[in-house]
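Notes for the one structure printed next.
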Amino acid sequence: MELLRVDPLTAARRLLGAVLTCRGVSATVVEVEAYGGPPDGPWPDAAAHSYRGPGPRNQVMFGPAGRLYTYRSHGIHVCANVACADDGVAAAVLLRAAVIESGHDVVQRRRGEAVRESAFARGPGNLCAALGITMADNGIDVFAEDSPVHLRLGEAQPCIAGPRVGVSKAADRPWRLWLAGRPEVSAYRRSPRAPAPGGSD
DNA sequence: ACGAAGATGGAG
DNA sequence: TCCATCTTCGTT
């Protein structure tokens with residue numbers, strides 16, 4: 001996908017407003033985080049899974065743009081990224097929150113009756129739970145017509161940037177982007193292990 | 001081989 | 001603030 005063959009921050013901007021369709025649900029992406037870049041290149045990112053080189057878990061980050069990179073977080077949750085940049089360059093954009101456009105009944109069933117609509121896909125783990133994305137989806141091309149997880153890019157939209165959530169390295173780098181005025185965007189929580197704000201980054 | 005930390009989320 | 005749960009990684 002040509003539009004995502006760019007650095008992760010630019011790709012993140014292009015993914016805001018994109019429509020994700022998967023297993024009976026479609027949703028508009030409203031919050032993302034950029035990750036990656038070569039460790040010795042112009043975009044070194046100590047918080048990225050790719051920072052210490054390719055391995056079984058993160059190999060999709062090193063592949064072509066437009067592939068889904070899923071990983072398990074804390075042994076419990078599934079989180080999803082879209083790989084970006086050129087083939088061979090490790091970079092990806094984490095999908096952090098979305099607005100459900102259709103399939104509300106399906107999402108309510110998946111997330112539980114007590115969950116409110118604004119929290120349906122708030123947070124990367126909840127987003128995957130709502131859309132039915134699992135670890136079996138790792139590596140699929142989200143721009144292929146017959147893909148079970150499909151993405152359609154939208155129009156460029158004005159967005160706000162701030163520090164990434166939950167990372168202890170490069171904690172102040174403003175690589176989290178979101179659309180203004182959206183209640184579905186997750187709350188900012190700094191990692192308790194991150195050094196004091198304003199430290200080296 | 002062992003232990004700590006982790007791109008989280010929900011409860012207290 | 002704490003904990004569930006398990007994989008990955010750094011250290012012994």
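Atoms considered below: every heavy atom in the structure, side chains included; atoms not considered: hydrogens, waters and symmetry mates. Here is the naming used below: chain letters follow the sequence lines, and residue numbers restart at 1 for every chain.
Under the side chain to side chain contact (heavy atoms under 4.5 Å, CB included) rule, A:P124 has a single partner from A:C79, A:S186, A:S73, which is A:C79. Of the listed residues (A:T10, A:D87, A:D86), just one forms a side chain to side chain donor-acceptor pair (under 3.5 Å) with A:R5, and that residue is A:D86.
Taking 4.5 Å as the limit, some side-chain heavy atom of A:V106 sits within range of a side-chain heavy atom of A:R109. Residues A:Y69 and A:N138 form a side-chain contact, since some pair of their non-hydrogen atoms from C-beta on lies under 4.5 Å apart. Residues A:V82 and A:R14 have side chains not in contact (no heavy-atom distance under 4.5 Å, counting atoms from C-beta outward). Within the 4.5 Å cutoff, the side chain of A:S50 has no heavy atoms near those of the A:Y35 side chain.
In this structure, the CZ atom of A:R189 is 15 Å from the P atom of B:dG6, given to the nearest Å. If you measure from atom OH of A:Y188 to atom C1' of B:dA7, you get 13 Å, rounded to the nearest angstrom. Note: CZ (A:R190) to P (B:dA7) measures 15 Å, nearest angstrom. Look at CE on A:M61: it is 10 Å from C1' on B:dA7, rounded to the nearest Å. If you measure from atom CE of A:M135 to atom C1' of C:dT5, you get 15 Å, rounded to the nearest angstrom. Regarding A:H49, its NE2 atom lies at a distance of 13 Å from the P atom of C:dG10, rounded to whole Å. If you take OH of A:Y71 and C1' of C:dT8, they are 13 Å apart, rounded to a whole angstrom. Rounded to a whole Å, the CZ atom of A:R110 is 17 Å from the P atom of B:dG9.
With the nearest nucleotide of DNA chain B identified for both A:V115 and A:N81, A:N81 has the one nearer the 5' end.
Residues A:R164 and A:E33 are not paired through a salt bridge, judged by the lack of any N-O separation under 4.0 Å between the basic side chain and the carboxylate.
The shortest distance between the side-chain N/O atoms of A:R57 and the OP1/OP2 oxygens of C:dT7 is not below 4.0 Å. Contact check, A:R193 against B:dA5: a side-chain N or O comes under 4.0 Å of OP1 or OP2. Contact check, A:R72 against B:dA7: no side-chain N or O comes under 4.0 Å of OP1 or OP2. Proximity of A:N58 to the phosphate of C:dT8: no side-chain N or O atom is located under 4.0 Å from OP1 or OP2.
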(message) Assess the residue pair A:R176 and A:V165 against the criterion (side-chain contact (heavy atoms from CB on, under 4.5 Å)); give the C-alpha distance rounded to whole Å, side-chain angles, the decisive distance to 0.1 Å, and a yes or no.
(response) CA-CA 8 Å; A:R176 171 175 173 245; A:V165 172; 3.7 Å; yes
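Nucleotides C:dT5 and B:dA1 place their P atoms 25 Å apart, quoted to the nearest Å.
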(message) Output the pairing pattern of DNA chain B as a dot-bracket string, 5' first, Watson-Crick or G-U wobble with both distances under 3.5 Å, | for cross-strand pairs, [ ] for crossing pairs.
(response) ||||||.||||.
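On a pure distance criterion of 3.5 Å, no polar donor-acceptor pair joins the side chain of A:R96 and the base of B:dG9.
Nucleic acid contact for A:R176: none, since no nucleic acid atom lies under 4.0 Å from a heavy atom of the residue. No contact: A:S191 has no heavy atom under 4.0 Å from any strand.
Out of B:dT8, C:dA4, B:dA7, the shortest distance to the side chain of A:I76 is found at C:dA4. The side chain of A:H74 approaches C:dT5 more closely than any other nucleotide in the set B:dA7, C:dT5, B:dG9. Checked against B:dG6, B:dT8, B:dA7, the side chain of A:S168 finds its nearest nucleotide in B:dG6.
Residue side chain A:Y35 meets the stacking definition with respect to B:dA7: its ring centre sits within less than 5.5 angstrom of the base's six-membered ring centre, and the planes differ by less than 30 degrees.
A heavy atom lying under 4.0 Å from DNA chain B marks none of the residues of residues 36-45 of chain A.
The side-chain hydrogen bond (donor to acceptor under 3.5 Å, both in side chains) test applied to A:S191 returns no partner, not counting sequence neighbours.
Using cut-offs of 30° and 60° on the angle between ring planes, the pair A:Y71 and A:H49 is perpendicular.
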